[in-house]
Peer 1: 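My questions will all concern the structure given below.
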Amino acid sequence: MNIQLVAIGKTDNKALQALIDEYVKRLSFYIKFDITIIQDLKNSKNLSEIQQKEKEGELILSKIVSTDYLILLDENGKTFSSVGFSNELQKKMNAGLKTLVFVIGGPYGFSESVYLRANSKLSLSLMTFSHQMVRLFFIEQVYRSFTILKNEPYHHQ
């Protein structure tokens, strides 16, 4: 199985990007993991919230193929403990999925067309985090999940 993270806009904080790069490197020992960054929309200040979500939605959907299992990182998604999330990843691997795609949307969330295409939604927390920090938190949790599945000492209970 491959895991892909699709996100809107680049990470411009160098410290955050260095940590993201570190966890992506660590993940490479367990699974093929890719990040796809969709450029921020130009002139987004001239777009309504709905127009911005629609345009971002078109770009997101252009990165997805029909066989991808799509999970949106969404405040209304299902929450898991770290162990629960690792079990969920194991179920997806056991199901024989080729590519599991997680998406971090833009500042206003997702368009209706993206919600309709999604297979499920995942919430990392009831709190709100910057989109750049969510990338780091999510990638760290994927890494943590694989250390849990391999019974490695990274995660403590």
Side-chain angles (χ1 to χ4, degrees), residues 1-27 31-89 91-93 95 97-146:
M1 184 173 80
N2 301 319
I3 297 179
Q4 181 180 10
L5 174 64
V6 175
I8 303 286
K10 65 179 180 153
T11 302
D12 54 12
N13 182 307
K14 290 183 190 318
L16 280 176
Q17 188 60 54
L19 289 167
I20 289 168
D21 293 343
E22 174 63 25
Y23 281 102
V24 168
K25 180 181 170 187
R26 291 182 186 191
L27 265 173
I31 197 159
K32 184 174 179 342
F33 183 89
D34 295 303
I35 301 176
T36 300
I37 301 298
I38 295 172
Q39 299 268 341
D40 283 315
L41 295 175
K42 294 186 186 328
N43 301 318
S44 62
K45 292 177 180 159
N46 298 330
L47 300 173
S48 70
E49 182 180 317
I50 291 171
Q51 290 171 318
Q52 187 168 341
K53 287 194 300 187
E54 288 298 322
K55 287 187 179 284
E56 289 170 346
E58 290 169 10
L59 295 170
I60 289 167
L61 292 174
S62 74
K63 305 295 182 190
I64 311 298
V65 298
S66 62
T67 56
D68 291 344
Y69 190 93
L70 182 62
I71 300 175
L72 306 180
L73 274 69
D74 184 271
E75 62 190 0
N76 297 311
K78 187 171 182 181
T79 58
F80 293 96
S81 66
S82 293
V83 172
F85 183 58
S86 68
N87 290 334
E88 193 66 18
L89 284 178
K91 286 179 193 173
K92 300 295 185 235
M93 287 187 285
L97 295 175
K98 182 178 176 191
T99 305
L100 189 56
V101 179
F102 293 88
V103 181
I104 300 170
Y108 301 114
F110 300 103
S111 66
E112 191 60 31
S113 58
V114 173
Y115 279 116
L116 289 172
R117 169 57 180 86
N119 297 96
S120 67
K121 297 182 291 188
L122 169 70
S123 173
L124 296 180
S125 173
L126 293 175
M127 293 187 230
T128 301
F129 303 111
S130 76
H131 283 66
Q132 293 185 33
M133 292 178 78
V134 165
R135 296 168 195 193
L136 173 61
F137 297 158
F138 172 75
I139 295 167
E140 189 277 340
Q141 283 299 302
V142 174
Y143 172 73
R144 180 178 296 274
S145 291
F146 280 96

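Hydrogens, waters and symmetry mates are skipped; everything else that's a heavy atom, side chains included, is used. From a predicted model like this one, the values you see are computed outputs, not experimental measurements.
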Peer 1: According to ring-ring contact (aromatic ring centres under 6.0 Å, His included), who are the partners of F146, at least two apart in sequence or on a separate chain?
Peer 2: Y30
Peer 1: Between side-chain atoms of residues 54-67 and protein atoms elsewhere (two or more places apart, or another chain), which donor-acceptor pairs fall under 3.5 Å?
Peer 2:
residue	atom	partner	partner atom	Å
E56	OE2	Q52	NE2	3.2
S62	OG	L59	O	2.6

Peer 1: Considering only heavy atoms from C-beta outward, does the side chain of L5 approach that of F33 to under 4.5 Å?
Peer 2: yes
Peer 1: Measure the CE-CD1 distance between M133 and I104 for me, rounded to the nearest 0.5 Å.
Peer 2: 12.0 Å
Peer 1: Return the set of residues passing side chain to side chain donor-acceptor pair (under 3.5 Å) with T99 (not counting sequence neighbours), or none when no residue passes.
Peer 2: none
Peer 1: Can you list everything that forms a ring-ring contact (aromatic ring centres under 6.0 Å, His included) with Y69? Sequence neighbours excluded, please.
Peer 2: none
Peer 1: Only counting residues at least two apart or in another chain, list the ones meeting side chain to side chain donor-acceptor pair (under 3.5 Å) with D40.
Peer 2: none
Peer 1: With the side chain counted from C-beta on, respond yes when V142 and F85 share a heavy-atom pair under 4.5 Å apart, and no when they do not.
Peer 2: yes
Peer 1: Contact between Q141 and L122 at the side-chain level, heavy atoms closer than 4.5 Å - yes or no?
Peer 2: no
Peer 1: Side-chain contact, heavy-atom cut-off 4.5 Å: D34 with N2?
Peer 2: no
Peer 1: Output all residues satisfying side chain to side chain donor-acceptor pair (under 3.5 Å) with K10, sequence neighbours left out; order by chain, then residue number.
Peer 2: none
Peer 1: With a 4.5 Å heavy-atom cut-off, do V101 and T36 have their side chains touching?
Peer 2: no
Peer 1: For S86, give me all partners under side chain to side chain donor-acceptor pair (under 3.5 Å), at least two apart in sequence or on another chain.
Peer 2: none
Peer 1: Are there over 12 heavy-atom neighbours, none belonging to I50, within less than 6.0 Å of that residue's CD1?
Peer 2: no
Peer 1: Between CD of E49 and OG of S111, what distance do you get to the nearest 0.5 Å?
Peer 2: 12.0 Å
Peer 1: Quick one: ring-ring contact (aromatic ring centres under 6.0 Å, His included) partners of F138, sequence neighbours excluded?
Peer 2: F102
Peer 1: Rounded to the nearest 0.5 Å, how far apart are CD1 of I8 and NE2 of H131?
Peer 2: 8.5 Å
Peer 1: Which donor-acceptor pairs under 3.5 Å do the side chains of residues 15-23 make with protein atoms, sequence neighbours left out?
Peer 2:
residue	atom	partner	partner atom	Å
Q17	NE2	D21	OD1	2.8
E22	OE2	R26	NE	3.0
Y23	OH	Y154	OH	3.0

Peer 1: Is there any side chain to side chain donor-acceptor pair (under 3.5 Å) pair reaching into residues 118-130, and which pairs are they, with sequence neighbours excluded?
Peer 2: R117-N119
Peer 1: Without placing hydrogens or testing angles, list every side-chain donor-acceptor pair under 3.5 Å for residues 71-81, not counting sequence neighbours.
Peer 2:
residue	atom	partner	partner atom	Å
D74	OD1	N76	N	2.8
D74	OD2	Y115	OH	2.5
S81	OG	G84	N	2.9

Peer 1: Taking the side chain as every heavy atom from C-beta outward, state whether L136 and T11 have any pair of such atoms under 4.5 Å apart.
Peer 2: no
Peer 1: Quick one: ring-ring contact (aromatic ring centres under 6.0 Å, His included) partners of F137, sequence neighbours excluded?
Peer 2: F129
Peer 1: Indicate the atoms forming the closest heavy-atom contact of S145 with S82, along with that distance.
Peer 2: OG-O, 4.1 Å
Peer 1: When you look at CG of L116, are more than 12 heavy atoms from neighbouring residues, nucleotides or ligands closer to it than 6.0 Å?
Peer 2: yes
